[in-house]
Amino acid sequence: MKTYKFSDLNPAEVDFLVSRNADSNNQIRASVENIINEVKINGDEALKDFAFKFDGVTLDELYIGKAELAALASTISNEAKQAINTAYQNIKKFHESQRSDEKPVETTPGVKCWRELRAIERVGLYVPGGTAVLPSTFLMLGVPAKIAGCKEIVVCSPPQKNGKTNAYIAYVAQLLEIDKIYLVGGAQAIAAMAYGTASIPKTDKIFGPGNQYVTMAKTIIQSTTNTAIDMPAGPSEVLVIADESANPVFVAADLLAQCEHGVDSQAVLVSNSELLIKNSLLEVEKQLLVLPRKDIAAKAIANSYAVLVSALEEALHFSNLYAPEHLILACDSWQNLTEKIVNAGSVFAGNLTPESAGDYASGTNHTLPTSAYAKAYSGVSLDSFVKKITFQHISESGLRKLGPAIETLATIEGLQAHKNAVTVRLAEVK
Ligand SMILES: NC(=O)c1ccc[n+]([C@@H]2O[C@H](COP(=O)([O-])OP(=O)(O)OC[C@H]3O[C@@H](n4cnc5c(N)ncnc54)[C@H](O)[C@@H]3O)[C@@H](O)[C@H]2O)c1
Ligand SMILES: N[C@H](CO)Cc1c[nH]c[nH+]1
Ligand SMILES: [Zn+2]
């Protein structure tokens, strides 16, 4: 990992550092467009061909049903069940707390406005399973979908080498009372849930993280179909702001945790202490050697860097420009920093708060915006699964009071029919 001194960087160099793996020659876009087209034209057959091509599996059936899910789920250990149950309960508790109750507002006497929530009816959940199978992601998406009351929940996850889904995914399916997992991964899964095939229903909104193919597919279908997406949630990333109170062993572990997700992940360390940077980077080299996924993590570490700043304010300035998916405040005085955070997906405050807590079990959602999309998007929450429909009711006195303003505004805009819709009513109530 290279170290930069913030005061030595010019604005173009800062811009370069905060930019992510752009698909500069549009190679990923081109192959994803091709995959989407194939699924549109050839449906299930294309899905089976891609399962063979990308996952090395021949599939007769594109899904695993209830009985087989139960059989798979029964094979996991009690320890695993308990850990999944703990995560499930905490995620449920946190997402249930996001239910909000808005009261009607009388904007003008006799003019009442309010909003009512409705669950999105058909949702598609993508559970990654390429380099690592992520049952935790299934919890992060399935729990709020259930709380929201979505009627139809379609789940796609890449087939494993045995042509089935993973046993932990099967256990989560049971917890969530979801009876089917479609064995489809990558861009083809996103296309299937956007267009529908003979086996896979078309959905109204697609949720979930994934690699660059999955994320590109979500961005394309968002603008070419009427299926919405949660957000671009691509390769994992973390930015750690650390001062001299931080422990280099913890910092290195946090940097590596996100780097082991994939070769295109990125970790950034920003500190006002040269010594902390030096010790953390030495520790990264040491911890890397014993990681089972060291080849993946080493590539991501090569794509990562450290920045030496003069003060924590400068660290926050850099972090806000970077807009990380995960921001760790490895500082005892983290309370002084939180109000200066403008752009971040999820924040981990204090030296004893590992990012892995949010990945798995604290209760917050780990499906988060990457590639600086945290400047505009929030992570998945209960809100992501509902629509808020506005209502209004106008009484006779309300129409008398508000009507003239509406008539004038319609006149200003030259829209006579709009004005008439009020005028004809006013004539009745006068
Ligand atoms: N931002 C978040 O909230 C978040 C959360 C969890 C995971 N992640 C990220 O999700 C990603 C998971 O990636 P993954 O690869 O392990 O699993 P994945 O499920 O996203 O992708 C696997 C699929 O990619 C497709 N694929 C592989 N090579 C391809 C190629 N050359 N061309 C076209 N398609 C191809 C295959 O269909 C395969 O099934 C990681 O990058 C991880 O960092 C992000
Ligand atoms: N760190 C990932 C989000 O970028 C989520 C995850 C799942 N499992 C482990 N980690
Ligand atoms: Zn993670």
Side-chain angles (χ1 to χ4, degrees), residues 20-21 23 27-36 38-39 46-57 59 87 125-141 156-161 165-166 168-169 182-192 207-218 230-238 253-267 293 296-297 299-300 303 324-326 328 345-346 348 354-362 364-371 373-374 377-380 384:
R20 315 292 208 278
N21 314 292
D23 179 25
Q27 270 176 339
I28 292 179
R29 175 173 281 278
S31 67
V32 167
E33 279 171 350
N34 179 48
I35 292 169
I36 292 176
E38 283 293 314
V39 174
L47 298 179
K48 289 181 182 171
D49 289 348
F50 287 129
F52 182 72
K53 182 173 176 186
F54 295 127
D55 307 301
V57 181
L59 294 175
L125 313 185
Y126 184 76
V127 179
T131 62
V133 186
L134 305 182
S136 55
T137 301
F138 194 4
L139 286 172
M140 296 293 171
L141 303 175
C156 285
S157 191
Q160 298 307 289
K161 291 288 173 231
T165 195
N166 159 291
Y168 303 106
I169 298 266
Y182 292 97
L183 300 166
V184 185
Q188 58 274 25
I190 305 303
F207 298 78
N211 60 20
Q212 295 194 56
Y213 298 98
V214 171
T215 309
M216 177 62 77
K218 282 171 67 185
D230 49 358
M231 86 207 83
S236 303
E237 54 193 41
V238 65
D254 289 335
L255 297 172
L256 286 166
Q258 292 315 296
C259 284
E260 77 172 345
H261 272 294
V263 294
D264 41 16
S265 284
Q266 190 171 59
R293 290 164 67 93
I296 291 175
K299 287 192 179 132
N303 172 40
E325 179 195 11
H326 307 108
I328 299 180
S346 194
F348 301 81
E355 191 277 338
S356 309
D359 277 354
Y360 291 113
S362 58
T364 61
N365 207 290
H366 81 203
T367 311
L368 297 164
T370 56
S371 301
Y373 280 106
Y377 285 91
S378 314
V380 162
S384 319

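The residues of the chain are indexed from 1 along the displayed sequence. Just follow the structure's listing: the first ligand is 1, and inside any ligand the first atom is 1.
Using a 4.0 Å cut-off to heavy atoms of G130, the atoms of ligand 1 that qualify are 14 (P), 16 (O), 17 (O), 18 (P), 19 (O), 22 (C). Below 4.0 Å from some heavy atom of E325 lie the following atoms of ligand 2, by number and element: 3 (C), 4 (O). Residue contact check: Q188 has heavy atoms under 4.0 Å from atoms 37 (O) of ligand 1.
In terms of N/O distances under 3.5 Å, ligand 1 is not approached by T370. The shortest N or O to N or O distance between P209 and ligand 1 is not under 3.5 Å. Ligand 2 has a nitrogen or oxygen under 3.5 angstrom from a nitrogen or oxygen of S236. The shortest N or O to N or O distance between T137 and ligand 2 is not below 3.5 Å.
Of the protein's non-hydrogen atoms, the one nearest atom 15 (O) of ligand 1 is N211 ND2, 3.0 Å. Protein heavy atom at the shortest distance from atom 34 (N) of ligand 1 is Y213 CG, 3.6 Å. Among protein heavy atoms, atom 43 (O) of ligand 1 sits closest to S236 OG, 2.7 Å.
Here the side chain of E325 pairs a donor or acceptor atom with the backbone of E237 at under 3.5 angstrom. Put simply, the side chain of K218 gets close to the backbone of G208: a donor and an acceptor are under 3.5 Å apart. Formation of a donor-acceptor pair under 3.5 Å by the K161 side chain with backbone atoms of D55 is found in this model.
Neither the backbone nor the side chain of Q212 has a heavy atom within less than 4.0 Å of ligand 1. Residue contacts with ligand 1, taken as heavy atom pairs separated by less than 4.0 Å, do not involve V32 at all. No part of E237 comes within 4.0 Å of ligand 2, judged by heavy-atom distances. Of the heavy atoms in F50, none comes closer than 4.0 Å to ligand 1.
Within D359, the N, O or S atom lying nearest to the Zn ion (ligand 3) carries the name OD2.
Within the 4.0 Å heavy-atom shell around ligand 2 one does not find M140.
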